[in-house]
Amino acid sequence: MVKIVSRTYVGQANVYDIGVENDHNFVIKNGFIASNCFNKSHSTAYAYVTYQTSYLKANYPLEYMAALLTANSGDTDKVRKYLDNCSNMGIVIDAPDVNRSGLDFTPVDGKILFGFSAVRNVGQNAIASILEAREESGELVPFKSLADFCDRVDLRAMNRRTLESLINCGAFDKIQANRNQLIHDLELVYEWAQSRARDKASGQGNIFDLLGGGLAGNNHQPQKNAYESAPKAPPVNDLPPQEKLRMEKELLGFYLSDHPLKSIRQSSSVLAPINLAQLGEQKDDAILCAVVMLNNVKKVVTKKGDSMAILQVEDLSAASEAVVFPKTYERISSLLEVDARLIIWGKIDRRDDQVQFILEDAETVETVKMILVELSPQQAGTIEEQHRLNTILKAQAGDKDKSRIPVIGVVQAGDHREIVRFGRQFWVQDSGTAVQALQNGKFPAHIKQLTSG
């Protein structure tokens, strides 16, 4: 490793490649070292590594992506990006599973199995205890229930918070899909398992445990497994899907089993064809639109005493920061709630190589309406008809700042269906009036909610 201690200008001199005899590409005049020079071996090494990784990704995509996720399991942003890559490659990511997961991300049966090491609140000792309890005499013995799990693992390495994390991230879903029921059962089961562990440690275990499940009573019926007699809480309904996803996000750093934006992916892509991962590729002065989840709201007070906010938002591709300046914040602050699904409009701001989204308007996706205009190929391809449609839409635009209802053209030609997204200058202010005007002009149209797909 070379440490540069000083730099001195020594004039111009030829810099030679290492392959040239009697010359060295780093040494120039008077023995000084030339900066920014790389020999052939340096570039060759990078090229070789690039070739190797490209080969592995092309020929062993499952193993390659599992290794990549494992190597970056501590970086949530990178893991989210690689999970999105897996989705685009058709690779399914399975949630953590107490009966199948290992320490790291693992390729299993054509899928990648989420590793315990990437679950928050699950430490190395707890993971080791799970893996050890799962194997008896070198043979895999699956856990049958939460009680069986608590009875077999070392509870000295597995506190209640760890068990709650495993339940809420979906690690017990294959055993019991009702996570809320498991959380309620845990209060009773954990104390039951601790009591059994103390009895075993003092040599006071149940006689039937010592006999390994022999006969019970005079009826000669086989003794049940100990975990079957564990206490259970009264039945409860499972958590709402949004709450389950929220807990997954808290424990894994991202949504895994589902995503609140997936159900509207197709319809939202019509309004917002640019995702957050592509923000850096856009022009600064372009008006952009994105459909996002709001992850965090940091309220800021300016020197003038005005309120503004810095938001953390994400979509299916990436996470980003959005800035809401005072005038905009005053207008939309009531919408800025964590876990809200929003459609946002704004521009790009670049500072110190960082890309920010300057938010200028927002609306909850549940209230977003679209107007679908059915067009025949003849109407879509005739200039007179296009002009007539444009005239109707412009007449319905009204105040530009209040025209928030987008218009989508649907051109049907046989089995082929083409979607045409009209520019924001053609968005309208009142959906009912606009639809009536379009229908009067012989353009079949109707209103559609964004969340209806």
Side-chain angles (χ1 to χ4, degrees), residues 41-143 149 153 162 165-166 168-175 245 248-249 251-259 262 265 275-278 314-319:
S41 63
H42 188 96
S43 56
T44 301
Y46 271 113
Y48 186 54
V49 170
T50 302
Y51 168 78
Q52 287 178 312
T53 53
S54 299
Y55 177 85
L56 290 172
K57 186 175 182 180
N59 293 279
Y60 303 94
L62 206 65
E63 292 79 3
Y64 176 81
M65 294 307 297
L68 199 59
L69 286 164
T70 296
N72 295 277
S73 59
D75 189 326
T76 301
D77 290 336
K78 286 187 176 180
V79 169
R80 182 187 292 110
K81 180 176 72 174
Y82 296 142
L83 289 176
D84 186 56
N85 287 346
C86 287
S87 178
N88 295 333
M89 294 165 66
I91 297 175
V92 176
I93 307 294
D94 268 358
D97 186 340
V98 292
N99 280 325
R100 299 168 63 228
S101 290
L103 177 66
D104 300 320
F105 289 86
T106 311
V108 178
D109 299 330
K111 302 177 183 179
I112 294 179
L113 187 58
F114 208 93
F116 287 131
S117 61
V119 182
R120 291 173 185 168
N121 306 325
V122 181
Q124 296 293 323
N125 291 337
I127 296 171
S129 177
I130 295 171
L131 301 181
E132 182 180 351
R134 209 167 62 189
E135 291 193 16
E136 296 180 5
S137 302
E139 184 179 349
L140 179 65
V141 180
F143 300 111
F149 181 89
V153 299
T162 299
S165 298
L166 289 170
N168 285 319
C169 77
F172 283 91
D173 280 5
K174 297 289 178 64
I175 296 174
L245 289 177
E248 280 185 20
K249 176 72 179 295
L251 295 166
L252 305 178
F254 33 78
Y255 302 105
L256 184 63
S257 63
D258 200 356
H259 194 287
K262 274 188 179 179
R265 173 190 283 180
N275 58 46
L276 294 182
Q278 299 170 315
E314 74 165 64
D315 62 8
L316 294 171
S317 68

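Heavy-atom basis, side chains included; hydrogens, waters and symmetry copies ignored.
Counting all heavy atoms, side chain and backbone alike, S165 lies closest to L251 at O-CD1, 3.3 Å. Residues C86 and L69 approach most closely at SG-CD1, 4.3 Å, considering heavy atoms. Nearest approach of E248 to N168, heavy atoms of both residues: CG-O, 3.9 Å. When all heavy atoms of G253 and R120 are compared, the closest pair comes out as CA-NH2, 3.8 Å. Between L131 and G102, the closest heavy-atom pair is CD2-CA, 4.3 Å. Residue V98 comes nearest to F116 through the heavy atom pair CA-CZ, 3.8 Å, listed as atom of the first residue, atom of the second, then distance.
You'll find the side chain of I112 stays beyond 4.5 Å of the side chain of T106, heavy atoms only. Inter-residue side-chain proximity for Q124 and L103 is flagged as met; some heavy-atom pair is nearer than 4.5 Å. Contact check for I175 versus N99: side-chain heavy atoms found under the 4.5 Å cut-off. For the pair L245/S257, a side-chain contact is recorded, criterion being any heavy-atom separation below 4.5 Å from C-beta on. Counting heavy atoms from C-beta outward, V79 and D75 have side chains that stay 4.5 Å or more apart. Between K111 and I91 there is no side-chain heavy-atom pair separated by less than 4.5 Å. Contact check for D94 versus R100: side-chain heavy atoms found under the 4.5 Å cut-off. Side-chain contact check for L256 versus P96: some heavy-atom pair is nearer than 4.5 Å.
Looking at T70 and D104, their side chains never bring a donor and an acceptor atom within 3.5 Å of each other.
A ring pair (Phe, Tyr, Trp, His ring centres under 6.0 Å) check over residues 86-108, counting only residues at least two apart or in different chains, returns the pairs F105-F114.
For the pair N125 (side chain) and A128 (backbone), a donor-acceptor distance under 3.5 Å is absent. Between the side chain of S317 and the backbone N or O of A277, at least one donor-acceptor pair lies under 3.5 Å. A donor-acceptor pair under 3.5 Å is formed between the side chain of T53 and the backbone N or O of T50. Remark: the backbone N or O of D97 is paired with a side-chain donor or acceptor of S101 at under 3.5 angstrom.
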| Step by step, would you call L140 with R134 a side chain to side chain contact (heavy atoms under 4.5 Å, CB included)? | CA-CA 6 Å; L140 179 65; R134 209 167 62 189; 3.5 Å; yes
| said: Determine whether F172 and F143 satisfy the following criterion, ring-ring contact (aromatic ring centres under 6.0 Å, His included), listing intermediate values before the conclusion. | reply: CA-CA 10 Å; F172 283 91; F143 300 111; 7.9 Å; no
| query | side chain to side chain contact (heavy atoms under 4.5 Å, CB included) between L316 and N275: does it pass, once the steps are laid out? | reply | CA-CA 8 Å; L316 294 171; N275 58 46; over 6 Å; no
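For the atom pair NZ (K81) and CG (L68), the distance works out to 8.5 Å, reported to the nearest 0.5 Å. A distance of 12.0 Å separates CD1 of I93 from CG of L252, quoted to the nearest 0.5 Å. In this structure, OH on Y82 lies 7.5 Å from OH on Y64, to the nearest 0.5 angstrom. Taking CZ of R265 as the start and CG of D315 as the end, the distance is 10.0 Å to the nearest 0.5 Å.
With respect to E314 and K249, a salt bridge is recorded, a charged nitrogen being found less than 4.0 Å from a carboxylate O.
Using cut-offs of 30° and 60° on the angle between ring planes, the pair H259 and Y255 is perpendicular.
More than 12 heavy-atom neighbours from other residues, nucleotides or ligands sit within 6.0 angstrom of CD on E63. Heavy atoms of other residues, nucleotides or ligands lying less than 6.0 angstrom from CG of D109 number 12 at most.
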